[in-house]
Engineer: 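Take a look at the following structure, please.
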Number of protein chains: 2
Amino acid sequence: MLNAALSTSTSRHPVPASIKCGSPEPRSPLSLMGAPMRYPRNTEIFGEDEPAEYLYQVVSGAVRTYKMLDDGRRQVSAFYLPGDVFGFEAGETHATSAEAISDSQILVIKRSALMARADHEKDLAQQLWTLTARELERTQRHVLLLIKRAEERVAGFLLDMERRAAKAKAVELAMSRQDIADYLGLTIETVSRTLTQLQQTGVISLSSSRCVELRNRTALAQLNA
Amino acid sequence: MLNAALSTSTSRHPVPASIKCGSPEPRSPLSLMGAPMRYPRNTEIFGEDEPAEYLYQVVSGAVRTYKMLDDGRRQVSAFYLPGDVFGFEAGETHATSAEAISDSQILVIKRSALMARADHEKDLAQQLWTLTARELERTQRHVLLLIKRAEERVAGFLLDMERRAAKAKAVELAMSRQDIADYLGLTIETVSRTLTQLQQTGVISLSSSRCVELRNRTALAQLNA
DNA sequence: GCAGATTATTGATGTAAATCAAGGTCTTAT
DNA sequence: ATAAGACCTTGATTTACATCAATAATCTGC
């Protein structure tokens, strides 16, 4: 009952119901001709160690890539939102598996066709190289998150999501607490507690568990330093 | 004295003094024309956010790249051994700082010259792209290490060093415990204790603090799984 | 060889996050 | 509407690692 009191009166609904979450708008960093495909929630897009025949661009929805460890732990490598390109490997096989987090529309581009074109179109070759470089930068930021304390990891994650998400009053989190935990190297309990704590200190506000409003960006940025 | 007894009689010198550490031999993955430069131990090669004018290849010695966080923590991003190429950025500035771990000879190649050549030499462009992709894979393996327990991180680190080092009976660690700790997101004490423990269980043997013999690769691989 | 500095190890204690456990809330289907 | 299941939160306890502190080994120059 202390529990119920806390959750209904103070923590869970401190924001007007009018605040809506926005979904990101598709962007087009690369002029990609490809087949639009639909992937229902939780379906596999490709598997680890499968030949990397295609390159993917999210049109709508969200995607997670991950690796499974032998003992069942899962490391989520990245989240991809509308506009993002993923599945582009240097080698012949995928380094991770990919799944749709929610029902997603995804542009699927044949790798061989792309590479053939890149062979004589320098601009395209350059764009593909840039894609790899961006992915490297993203992964380096991920490393930087993983050496920090739980609160700092969550803060960094929220800022990243906000930066990449549609400009809206609040950030829609497409992924579950488990997904976030596996991305940040934490447990769902720690993620949940940390979010609650950030809410209690007024840094964020959760209108629902998947919709976060960043109320004090300065504080978050400080945690992310 | 328990201390002294332990360290002198059982743990510290269980291997014949004859076991020598090997240093890696220079390899040449890229035919790089560049100026050979000498960097004394602990000198800076480039700084974070500096314009990335050069690409570097280690000839001898060892290099660490790292980022400093606002509160003084240091994240070591990577170690580079003879043959390795580093400092190649997609953007115009370096994402990390780089320092020589030991006195090092390093080939320094002008980026603008390289890029100009790559513009009409497709093979070279391809090699440069591959470099970025390799770095990405390396960083992804680093992420995978950081979500694991201390013992697993150290095991993974040792296996990586062994794989990259010269074929020799034992692996020479060019870097300090602090460097290793900052790479693995641990403290020097935890790194030290973990190594001691691996030695006590017969998985490795330390002829000196910088020279490790992997006695049970299977056990290490299991930890690294 | 010895003094001082640097680096590494070890021990005692503290703490952030994991684990274990129980409810609560939201979603979906009947 | 209600039941079943997935997802999320919260509390109690444990634990892996950090921190604090001291000593030991190794390196460097005199």
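Please read all numbers here as calculations on a predicted model, not as lab measurements. These numbers come from the heavy atoms of this one structure, side chains and all, not from hydrogens, waters or symmetry mates. Reminder, nothing fancy here: chain letters follow the sequence lines and each chain counts from 1.
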Engineer: In this structure, which one of B/Leu144, B/Val143, B/Leu136 forms a side-chain contact (heavy atoms from CB on, under 4.5 Å) with B/Gln140?
Structural biologist: B/Leu136
Engineer: Going by heavy atoms closer than 4.0 Å, what residues in residues 141-149 of chain B are next to DNA chain C?
Structural biologist: none
Engineer: Within this structure, what is the CG-to-P distance between B/Asp179 and C/dT6, rounded to whole angstrom?
Structural biologist: 15 Å
Engineer: Given C/dT9, D/dC8, C/dA8, which nucleotide is nearest the side-chain atoms of B/Ser176?
Structural biologist: C/dA8
Engineer: Given atom CD of B/Gln197 and atom C1' of C/dA8, what is their separation to the nearest angstrom?
Structural biologist: 17 Å
Engineer: What are the two closest heavy atoms between B/Glu213 and B/Lys169, and how far apart are they?
Structural biologist: OE2-NZ, 3.0 Å
Engineer: Can you tell me how far C1' of D/dA18 sits from CD of B/Gln178, to the nearest Å?
Structural biologist: 13 Å
Engineer: Residues from residues 182-194 of chain A sitting under 4.0 Å of DNA chain C, heavy atoms only?
Structural biologist: A/Gly185, A/Leu186, A/Thr187, A/Glu189, A/Thr190, A/Arg193
Engineer: Atom CG of B/Leu206 to atom C1' of D/dT26: distance rounded to whole Å?
Structural biologist: 15 Å
Engineer: Tell me: CZ of B/Arg177 to P of D/dC27, nearest whole Å?
Structural biologist: 12 Å
Engineer: Hey, can you pull the residues of residues 65-73 of chain B with a non-hydrogen atom under 4.0 angstrom from DNA chain C?
Structural biologist: none
Engineer: Side chains of A/Tyr66 and A/Thr96: closer than 4.5 Å at any heavy-atom pair?
Structural biologist: no
Engineer: Is B/Arg138 paired with B/Asp160 through a side-chain N to carboxylate O contact shorter than 4.0 Å?
Structural biologist: no
Engineer: Once you round it to whole Å, what is the distance between C1' of D/dC8 and CD1 of A/Ile180?
Structural biologist: 11 Å
Engineer: Report, one line per pair, each donor and acceptor closer than 3.5 Å where one atom sits in a side chain of residues 74-82 of chain A; sequence neighbours left out.
Structural biologist:
unit_1  : atom_1 : unit_2   : atom_2 : d
A/Arg74 : NE     : A/Asp182 : OD2    : 2.7
A/Arg74 : NH1    : A/Asp179 : OD1    : 3.4
A/Arg74 : NH2    : A/Asp179 : OD1    : 2.7
A/Arg74 : NH2    : A/Asp182 : OD2    : 2.9
A/Tyr80 : OH     : A/Glu135 : OE2    : 2.3

Engineer: Who passes ring pair (Phe, Tyr, Trp, His ring centres under 6.0 Å) against A/Phe46, sequence neighbours left out?
Structural biologist: A/Tyr56, A/His94
Engineer: Are any non-hydrogen side-chain atoms of A/Leu146 and B/Ile147 less than 4.5 angstrom apart?
Structural biologist: yes
Engineer: Kindly say if A/Thr196 contacts the phosphate of D/dT10, meaning a side-chain N or O under 4.0 Å from OP1 or OP2.
Structural biologist: yes
Engineer: The test is side-chain hydrogen bond (donor to acceptor under 3.5 Å, both in side chains); show your working for B/Arg64 and B/Asn42 and say whether it passes.
Structural biologist: CA-CA 10 Å; B/Arg64 62 177 165 251; B/Asn42 290 331; 3.0 Å; yes
Engineer: For B/Arg38, is the CZ atom crowded, meaning more than 12 foreign heavy atoms sit under 6.0 Å from it?
Structural biologist: yes
Engineer: If you fit an axis to the five pairs at each end of the helix from C/dG1-D/dC30 to C/dT30-D/dA1, how big is the angle between those two axes, to 10 degrees?
Structural biologist: 50°
Engineer: Ignoring hydrogens and angles, tell me if any N or O in the side chain of B/Thr201 forms a donor-acceptor pair with the backbone of B/Gln197 under 3.5 Å.
Structural biologist: yes
Engineer: How close or far is atom P of D/dT9 from atom CD of A/Gln199, stated in whole angstroms?
Structural biologist: 9 Å
Engineer: Using a strict 4.0 Å threshold on nitrogen-to-oxygen distance, state whether B/Arg193 and B/Glu151 make a salt bridge.
Structural biologist: no
Engineer: Between D/dT15 atom C1' and B/Glu151 atom CD, what is the distance in whole Å?
Structural biologist: 15 Å
